[in-house]
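Chain naming here is simple, since letters A, B, ... match the order of the sequence lines and numbering starts at 1 in each. Worth saying up front: this structure is predicted, and the values here are computed from it rather than measured.
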Amino acid sequence: MPTTNTTPETLTTIASIGQHVGQTVTLRGWLYNLRSSGKLLFPTFRDGTGTIQGIVPKAAVSEELFETLKNLTLESSLIVSGTVSAHPKDPAIFELQVTALTVTQRIPDATPFPIQLKENGPDFLMEHRHLWLRTPRQSAILRVRATIMRAAAEYFDTNGFFRTDPPILTPNACEGTSELFEMDYFGDDKAFLTQSGQLYVEATAMALGKVYSFGPTFRAEKSKTRRHLTEFWMIEPEVTYLDLEGLMQLADDFLSHIVTRVLESHQADLKVIGKDITKLEAVIAPGPDGERVPFPKLSYDEAHQMLLDAHAKGLLENAHTYGDDFGSPDETYISNQFSKPVMVHRYPAAVKAFYMQPDPADPTKALCVDVLAPEGYGEIIGGSQRVDDYDLLHSRIVAHNLPLDAFQWYLDLRKYGSVPHSGFGMGIERCVAWICGLDHVRETIPFARTLNRIYP
RNA sequence: UCCUGAGUAGCUCAAUGGCAGAGCAUUCGGCUGUUAACCGAAGGGUUGUAGGUUCGAGUCCUACCUCAGGAGCCA
């Protein structure tokens, strides 16, 4: 294949092409689309940073260049040079007056690129996910995802946290609830893919104070919805001497930072994706005096009452039963009442995990919080203050029928210098779906793993 | 696991129980400002699988397979 002989000065990307108006530049990319009007060609190029339309009048270029481009197939790879100009109908859009073209690889006519520039079904697209990624909307989503992951890690890295990643292979079900992927571990033992690193980051927090983990998580539950993946990425901070109020403050600050970063550098991508940017701006909108407005907080009891009122008005089909967890329609309704993420705290301890600290003011409640994303995206963060008393944790493990011997190390954390501590976990894919306004998490990760799909 | 819906050309979809169709894609031709460009022509089919009802099944019945999104559960 030909390599470029382009001088470094003229090599640029589509994202930064606005700095080169009037200059001749070179792009390395692919042919995204090709329209023609007789002796005028309108190729659209993409290079991973965006797309740009080229113009090729037959009279302005060599016969060879014109014929080569005219017969070029979509998604063929190429190196193209041309002069950058503003679009005659919209000066904010740039075009490339093509002057030179080198085809790196021409896709044969007999085997055209499978993904057409038209509506396609989800099954077909997922079957060709490795190629679907190249389309403008999908690559824009992946760029936003990269920023979300960077901003999330950056927030903790610049606020005194140490990244301590827990194991992915674990000897037992961490919380004893979810279905786990199981595998053989050298014959005698079973191993499981982690469903959460939380218990392990509690241990590293006791060593380092403020820690977080960031890695893949696995759930083998047979959930077939737009919100579920069997493999997803989770970021989990854990902090010593942090109570529930502090934890909610942390979640607010953390999410605000991520949204700020996305708004800073992805206006164009969000537009391609079709996200209403004003909905994101509302998340970090200050008050009338420019002061910071925290995310709304709602106790479980208040949320329950809100759901009952909604049912009475006919806005919700089913009346919420006090003491039950909230269902999907319930969460959607609650989050739709606010323009910012809403923090629902102090759920009944009975419906929450064994490691959550009871509320001293009402021991039937847990010191926990779920952050519900706006626009009906549901829970993106779940967290709590952890039980720090040895005897209480011991009795909880027994009461939940969990194997004591497997949790011996976890109990040790309460035996040797126990302190109050809190943490939460955020699912990256749900966060991306919310921030990008996607209707399915399968578009938020390069290769989604779902109940019915593990290819490609 | 349960509920609901969908499987017809490479893709997206039509077809009252009575000849298997269209748009896009591909190939050929036309067009100097196109925006999933447009116009003309050609090629392209074991209607998810198996069985059944019928003179006749893409269409009706039974079972199965695959996919979708909703419940439960969760991030």
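- The A/Leu40 side chain lies nearest to B/rU32 when the options are B/rU32, B/rA75, B/rG72.
- Summarising the base pairing, B/rU27 is matched to B/rA41 through a Watson-Crick or G-U wobble pair whose two defining distances lie under 3.5 Å.
- For A/Glu379, counting side-chain heavy atoms from C-beta on, the closest listed nucleotide (B/rA75, B/rA71, B/rC67) is B/rA75.
- For the 3.5 Å distance criterion, the side chains of A/Asp301 and A/Ser299 fail to qualify, holding no donor opposite an acceptor.
- Between A/Phe424 atom CZ and B/rC74 atom C1' there is a gap of 17 Å when expressed in whole angstrom units.
- B/rG52 and B/rC39 have their P atoms separated by 47 Å, given to the nearest Å.
- Distance from the side chain of A/Ser37 is smallest for B/rC31 among the nucleotides B/rG10, B/rC74, B/rC31.
- Residue contacts shown for A/Arg226 are limited to sugar-phosphate atoms, with no base heavy atom under 4.0 Å away.
- As judged by a 4.0 angstrom heavy-atom cut-off over every strand, A/Pro136 is placed among residues making no nucleic acid contact.
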- [ ] Check the pair A/Phe156, A/Phe254 against ring-ring contact (aromatic ring centres under 6.0 Å, His included), reporting the backbone distance first and the verdict last.
- [x] CA-CA 8 Å; A/Phe156 295 125; A/Phe254 169 70; 4.8 Å; yes
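- Taking atom P on both B/rC11 and B/rG48, the two are 13 Å apart, rounded to the nearest angstrom.
- The aromatic rings of A/Phe161 and A/Tyr155 sit tilted, their planes meeting at an angle between 30° and 60°.
- Residue contacts for A/Ser36: at a heavy-atom cut-off of 4.0 Å it reaches a base atom on one of the strands shown.
- Spacing between B/rC38 and B/rU16 at atom C1', rounded to whole Å, works out to 36 Å.
- As rounded to the nearest Å, B/rA42 and B/rA50 have C1' atoms that lie 37 Å from one another.
- Base pairing of B/rG72: no nucleotide in any strand meets the Watson-Crick or G-U wobble criterion (both distances under 3.5 Å).
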Task: Derivation and outcome, ring-ring contact (aromatic ring centres under 6.0 Å, His included), residues A/Phe354 and A/Phe407 - done: CA-CA 12 Å; A/Phe354 74 94; A/Phe407 285 93; 5.5 Å; yes
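- Remark on RNA chain B: of its neighbouring residues A/Gly427 and A/Thr225, the 5'-side contact belongs to A/Thr225, judged by nearest-heavy-atom nucleotide.
- Side-chain atoms of A/His257 and A/Glu154 form a donor-acceptor pair, as typed in the model, at a separation below 3.5 Å.
- Contact annotation for A/Glu95: base contact, defined as any heavy-atom pair under 4.0 Å involving a base atom.
- With both ends at atom P, the span from B/rA75 to B/rG17 equals 49 Å, rounded to whole Å.
- At the phosphate of B/rC67, OP1 or OP2 sits under 4.0 Å from a side-chain N or O atom of A/Asn452.
- Contact of A/Ser223 with B/rC73 (side chain to base): a donor-acceptor pair of N or O atoms is detected under 3.5 Å.
- Atom CG in A/Leu451 sits about 17 Å away from atom P in B/rC74, given to the nearest Å.
- We find that NE2 of A/His87 is positioned 7 Å from C1' of B/rG33, with the value rounded to whole Å.
- Atom CD of A/Glu119 and atom P of B/rA68 are 16 Å apart (whole Å).
- Residue contacts for A/Gly378: at a heavy-atom cut-off of 4.0 Å it reaches no nucleic acid atom on any strand shown.
- A residue-by-residue look at A/Gly38 and A/Gly425 shows that A/Gly38 has its nearest nucleotide of RNA chain B further toward the 5' end.
- Rounded to the nearest Å, the gap between the P atom of B/rU12 and that of B/rC31 is 34 Å.
- B/rU53 is unpaired under the Watson-Crick or G-U wobble criterion, no partner having all donor-acceptor distances under 3.5 Å.
- The shortest distance between the side-chain N/O atoms of A/Lys89 and the OP1/OP2 oxygens of B/rU34 is below 4.0 Å.
- In this model, no donor atom of one side chain and acceptor atom of the other lie less than 3.5 Å apart for A/Asn120 and A/Gln116.
- Residue contacts shown for A/Pro114 are absent, as no nucleic acid heavy atom lies under 4.0 Å away.
- Remark: the separation of the C1' atoms in B/rU53 and B/rU59 is 13 Å, to the nearest Å.
- In summary, the side chains of A/Glu202 and A/Tyr410 do present a donor paired with an acceptor at a separation below 3.5 Å, with no hydrogens or angles considered.
- Among the protein residues, A/Glu429 comes within range of no part of the nucleic acid, since none of its heavy atoms lies under 4.0 Å from any strand.
- If you check every strand for non-hydrogen atoms under 4.0 Å, A/Ile381 touches sugar and phosphate atoms only.
- The distance from atom CZ of A/Arg35 to atom P of B/rC39 is 15 Å, rounded to the nearest whole Å.
- To the nearest angstrom, C1' of B/rC67 lies 15 Å from NE2 of A/His128.
- Of the candidate nucleotides B/rA75, B/rU26, B/rG69, B/rG69 has the atom lying nearest to any side-chain atom of A/Arg442.
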Run the side-chain donor-acceptor check on residues 67-76 of chain A: report pairs under 3.5 Å with partners two or more places apart or on a different chain.
from    : atom 1 : to       : atom 2 : distance (Å)
A/Thr68 : OG1    : A/Glu64  : O      : 2.7
A/Asn71 : ND2    : A/Glu67  : O      : 3.0
A/Thr73 : OG1    : A/Ser76  : OG     : 2.8
A/Thr73 : OG1    : A/Ile107 : N      : 3.3
A/Thr73 : OG1    : A/Ile107 : O      : 2.5
A/Glu75 : OE1    : A/Arg46  : NE     : 3.3
A/Glu75 : OE1    : A/Arg46  : NH2    : 2.7
A/Glu75 : OE1    : A/Arg134 : NH1    : 3.1
A/Glu75 : OE2    : A/Arg46  : NE     : 3.0
A/Ser76 : OG     : A/Thr73  : O      : 3.0
A/Ser76 : OG     : A/Ile107 : N      : 2.8

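- Residue A/Lys224 has no polar side-chain atom (N or O) positioned under 4.0 Å from OP1 or OP2 of B/rG69.
- Rounded to whole angstrom, the span from the CZ atom of A/Arg453 across to the P atom of B/rG69 amounts to 11 Å.
- In this structure, the CZ atom of A/Phe113 is 14 Å from the C1' atom of B/rG10, given to the nearest Å.
- Pairing of B/rU8, defined by two Watson-Crick or G-U wobble distances under 3.5 Å, is not identified with any nucleotide.
- As judged by a 4.0 angstrom heavy-atom cut-off over every strand, A/Asp325 is placed among residues touching the sugar-phosphate backbone only.
- With a cut-off of 3.5 Å on both pairing distances, B/rC19 has no Watson-Crick or G-U wobble partner at all.
- Within 4.0 Å (heavy atoms only), A/Phe42 reaches at least one base atom of the nucleic acid.
- Nucleotides B/rA20 and B/rG58 are separated by 9 Å at their C1' atoms, to the nearest Å.
- The A/Arg227 side chain lies nearest to B/rA71 when the options are B/rA71, B/rA75, B/rU1.
- Ring orientation note: the planes of A/Tyr347 and A/Tyr300 are tilted relative to one another, at an angle of 30° to 60°.
- Judged by ring centres under 5.5 Å apart and planes tilted less than 30 degrees, A/Phe232 stacks against the six-membered base ring of B/rA75.
- Nearest nucleotide to the A/Gln116 side chain, out of B/rU35, B/rA71, B/rC24: B/rC24.
- The side chain of A/Ser328 has B/rC73 as its nearest neighbour among B/rU34, B/rC73, B/rA68.
- For B/rG69, one of the phosphate oxygens OP1 or OP2 lies less than 4.0 angstrom from a side-chain nitrogen or oxygen of A/His440.
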